[in-house]
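Just so it is clear, the model here is predicted, and its values are computed rather than measured. All residue numbers in this chain count up from 1 along the given sequence.
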Amino acid sequence: MKAAEKVARQRMSVLELAESLGNVSEACRRRGMHRSQFYEYKRRFQTHGLEGLKDLPPIPKSHLDPATELWTRS
């Protein structure tokens with residue numbers, strides 16, 4: 001199993017724990033994560049399946065956000 005798959009399975013386990021407990025807060029407490037992170041993983045899983053739980057590639061520092069670019073010119 002590759003590292004990315006292991007991370008995805010660990011994230012999946014917290015989603016499964018929350019479902020079995022019926023309590024997101026308790027599942028997050030047991031796994032040491034914030035609820036906001038839990039809901040991000042849940043959204044990514046619902047959208048992309050297990051593949052969505054893998055780490056996302058880093059955004060390069062040379063990446064310019066057009067919205068920010070317009071804001072800083074004003």
Side-chain angles (χ1 to χ4, degrees):
M1 182 182 303
K2 294 182 180 180
E5 292 171 1
K6 188 174 182 178
V7 168
R9 296 258 178 228
Q10 288 173 339
R11 292 173 179 169
M12 184 67 193
S13 72
V14 92
L15 298 176
E16 292 168 342
L17 179 61
E19 187 175 338
S20 69
L21 292 173
N23 188 323
V24 170
S25 294
E26 181 61 25
C28 290
R29 222 175 282 118
R30 289 185 185 188
R31 296 297 162 103
M33 71 179 348
H34 291 274
R35 285 185 303 143
S36 60
Q37 189 64 56
F38 170 88
Y39 287 113
E40 175 64 19
Y41 293 153
K42 182 178 178 182
R43 182 191 62 75
R44 286 169 46 185
F45 178 72
Q46 289 173 336
T47 306
H48 303 288
L50 194 58
E51 198 65 26
L53 295 178
K54 293 180 179 178
D55 282 334
L56 298 174
I59 298 172
K61 292 187 186 262
S62 63
H63 175 78
L64 295 176
D65 182 4
T68 306
E69 187 73 18
L70 292 173
W71 182 259
T72 56
R73 288 184 190 169
S74 298

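Interatomic distance, CE of Met33 versus CZ of Arg11, reported as 7.5 Å (0.5 Å rounding). Between the CZ atom in Phe45 and the CE atom in Met12 there is a gap of 3.5 Å [rounded to 0.5 Å]. With rounding to the nearest 0.5 angstrom, the CD atom of Gln10 is 11.0 Å from the CG atom of Leu53. Remark: Glu26 CD to Arg30 CZ distance equals 4.5 Å, nearest 0.5 Å. One distance of note links CG of Leu15 with CZ of Arg31; it measures 10.0 Å at 0.5 Å rounding. Taking SG from Cys28 and OH from Tyr39, the interatomic distance works out to 7.5 Å, rounded to the nearest 0.5 Å.
Counting non-hydrogen atoms of other residues, nucleotides and ligands closer than 6.0 Å to CD of Glu19 gives a total of 12 or fewer. Under a cut-off of 6.0 angstrom, the local environment of CD in Glu5 is crowded, with over 12 non-hydrogen atoms contributed by other residues, nucleotides or ligands.
A pairwise comparison of heavy atoms in Ala8 and Lys54 identifies CB-CG, 3.9 Å as the closest pair.
Here the side chains of Lys42 and Val14 are not in contact, with every heavy-atom distance at 4.5 Å or above.
Leu17 and Tyr41 fall into different hydrophobic clusters, where Ile, Leu, Val, Met, Phe, Trp and Tyr are joined by side-chain heavy atoms under 4.5 Å apart, directly or via other members.
The backbone N or O of Arg44 lies less than 3.5 Å from no partner atom in the side chain of Thr47, so there is not a single donor-acceptor pair.
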